[in-house]
Amino acid sequence: MRTSIATVSLSGSLTEKLTAASLAGFDGVEIFENDLLASPLTPEEVRARCADLGLTIDLYQPMRDVEALPEEEFARALRRARHKFELMRRLGADTVLVCSSVSPHAVDDDALAAEQLSRLADLAEDHGVRVAYEALAWGRHISTYDHAWHVVESAGHPALGTCLDSFHILSRGSDPKGIEVIPGEKIFFLQLADAPLLAMDVLQWSRHYRCFPGQGGFDVAGLLRHVLRAGYDGPLSLEVFNDVFRQSEAGPTAVDAQRSLLTLQETAGLAAPPAPAPPTGVAFAELVTPDAAPVTAVLGALGFARTARHRGKPVDLWQRGDARVLVNTGPAERRDGTRLAAVGLESPDPAGAAGRAEALLAPVLPRRRAPGDAPLEAVAAPDGTELFFCATERPGLPDWRADFEDTGAPAEAGAAWRVDHLSLTQPWHQFDEAVLFHRGVLGLRPQESVDVADPYGLLRSRAVTTDDGGVRIVLTVGAAPTDDTAHAQHIALATDDVVAAARRFRAAGGPLLPIPGNYHDDLAARFEFADGELETYRELGILYDRDAHGTFRHCYTHTVGRIFFELVQRDGGYRGYGAANAPVRLAAQHAVRGFTGG
Ligand SMILES: O=C(O)c1ccc(O)c(O)c1
Ligand SMILES: [Mg+2]
């Protein structure tokens, strides 16, 4: 179907918004009145610009406080409307959005509302314009879509139809099934937006927290199915009021928006991009560093061995069990200190996964291959992390390790070792985009969003995972960009004996993050432990958590550059990440930062 986006969803001048929408592949736009008023372009120039960019103007909006008014006030509304219809002729826009009245003078009288909307539609018809009437969730007397439709239906005017907006419908908990009784040709326009599930005033929620479908908690695809069953065949248009998107660059936001519509259409059965081929595990995590010594000292103390070296690049493979860490000291990588630059995702179908990623507008990375290197498909995540789709020991697929030569160093025993999860800090303005990217492009499932108190800020964290936990990526955001502790990334390593792993690390000279005694005192109050168990945790700085499924024990290494490691032991199918312990961990990291340095 045709795709459209409201200019209010993007940042910048009208020209910047239109350019971004066009580059991201939208077919049309809804022009917001404020964007036009603030533009130096004449309506004719806006029309020409849109035509040059291959965009149609699908909607002009909004007109407010038109219906169910005392006659004098309605006369003033008609006067305004006449001006706007004339303007729309200059723009070449044929549909205007009218929001349900919020005026204190509006009366609770459906017959009057229908009569006045009908008179407005008469005037619109004379100008070749159609009126799409939308119930605002906070409308004074008309605030639900079925009520708005009832008024439109009783007006019975050919130039009057309704505009459905998923936010207004779903935020009020209305049942979208009722949309199916509306004749498709009377749905003049469809606006789509998602939102996180928040308990707050609906106007504030709408004006500040909307997000693109797939980023929040509404079943927008379910609503779309009802709209399609009604016979709607107009554009799918995104109308997203969001404080963060208003501050972000329009170009990437528009791509994020288009990706949202692509996955939404897939879910609703309207499009079939290459099917998701979710990763089954983490093949490797790649660190880049100007100086390998500090981080390889940590890996060595954790029991990793340098088992192989890349044949053509300064990249070492460090391994313990199925946990693999690449340490890259390439010259291009010397600037930012030690950081996690790439993730190898174990894929049953690397080419298929890359094909889907490309279809969903993920930037495909140039293959940095030397002749003879195994083919590696890679895309960039929104935060710049390179994601490689690769295969380890899969019959019929090239093995990424073919590019590495064994060092002969024996890997330490530890069959149970693997990457449990990766925690990746997102740029503050790309959190929702990152969630949608990992869900849509990689086929991971977003979990609940969690707030974590940091002594100097508040972090938001959301895991995206495969159902079996083979891949777990924790996306985090928050605190000031200058806060190094909140912006560290980490690699969590699963072991079946965290106590032994912690002791080994410490015996090898690796400092474990010290945890305050108050924390362990509190654990004693919350849980019962076997004799000596708590004392061991206290001694090693091991944190503890329990959920309905099992238990979680974890501890932390010191930080090198932007990276630290976590050792975790999950028992009994524990599903979380120890979020309850994260504030203590963050405070402890702030406390040691002064003398262990970055
Ligand atoms: O917040 C508003 O006023 C507003 C205006 C126009 C819309 O289409 C809408 O959904 C909300
Ligand atoms: Mg709307």
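Heavy atoms only: backbone and side chains are in, while hydrogens, waters and symmetry mates are out. Just follow the structure's listing: the first ligand is 1, and inside any ligand the first atom is 1.
- At a 3.5 angstrom cut-off on N or O pairs, Ser206 does not count as close to ligand 1.
- A side-chain donor-acceptor contact under 3.5 Å links Thr465 and Gln447.
- Proximity of Phe167 to ligand 1, defined as any heavy-atom pair under 4.0 Å, is not found for any part of the residue.
- Of the protein's non-hydrogen atoms, the one nearest atom 10 (O) of ligand 1 is His168 NE2, 2.7 Å.
- At a heavy-atom cutoff of 4.0 Å, ligand 1 is contacted by no atom of Glu33, backbone or side chain.
- Val441 places a side-chain heavy atom less than 4.5 Å from the side chain of Arg259.
- Annotation: Trp138 places no N or O atom under 3.5 Å from an N or O atom of ligand 1; distance criterion only.
- The ligand atoms of ligand 1 that sit less than 4.0 angstrom from a heavy atom of Gln191 are 8 (O).
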field: Verdict with reasoning, Arg47 to Glu44, per salt bridge (charged side-chain N to carboxylate O under 4.0 Å, His left out)
entry: CA-CA 5 Å; Arg47 177 184 195 154; Glu44 288 78 6; over 6 Å; no

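- No other N/O/S atom of Glu134 lies as close to the Mg ion (ligand 2) as OE2 does.
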query: Yes or no on side-chain hydrogen bond (donor to acceptor under 3.5 Å, both in side chains) for Glu30 and Gln191, after CA distance, side-chain angles and deciding distance?
result: CA-CA 10 Å; Glu30 299 177 27; Gln191 296 177 318; 2.9 Å; yes

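- Neither the backbone nor the side chain of Leu203 has any atom closer than 4.0 Å to an atom of ligand 1 (non-hydrogen atoms only).
- Closest to atom 7 (C) of ligand 1 among all protein heavy atoms lies Glu239 OE2, 2.9 Å.
- Summary: OE1 is the N/O/S atom of Glu239 found nearest to the Mg ion (ligand 2).
- The aromatic rings of Phe32 and Phe241 sit perpendicular, their planes meeting at an angle over 60°, well past the 30° parallel limit.
- When only non-hydrogen protein atoms are considered, atom 6 (C) of ligand 1 lies nearest to Gln61 OE1, 3.0 Å.
- Within the 4.0 Å heavy-atom criterion, the part of Cys99 lying near ligand 1 is the side chain and not the backbone.
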message: Apply side-chain contact (heavy atoms from CB on, under 4.5 Å) to residues Val29 and Lys17 and explain how you reach the verdict.
response: CA-CA 9 Å; Val29 288; Lys17 292 167 191 247; over 6 Å; no

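- Within the coordination shell of the Mg ion (ligand 2), defined by N, O or S atoms under 2.8 Å, Gln191 is present.
- For Asp165, the N, O or S atom closest to the Mg ion (ligand 2) goes by the atom name OD2.
- Side-chain contact of Arg172 with Ser143: a donor-acceptor pair under 3.5 Å is present, judged by distance alone.
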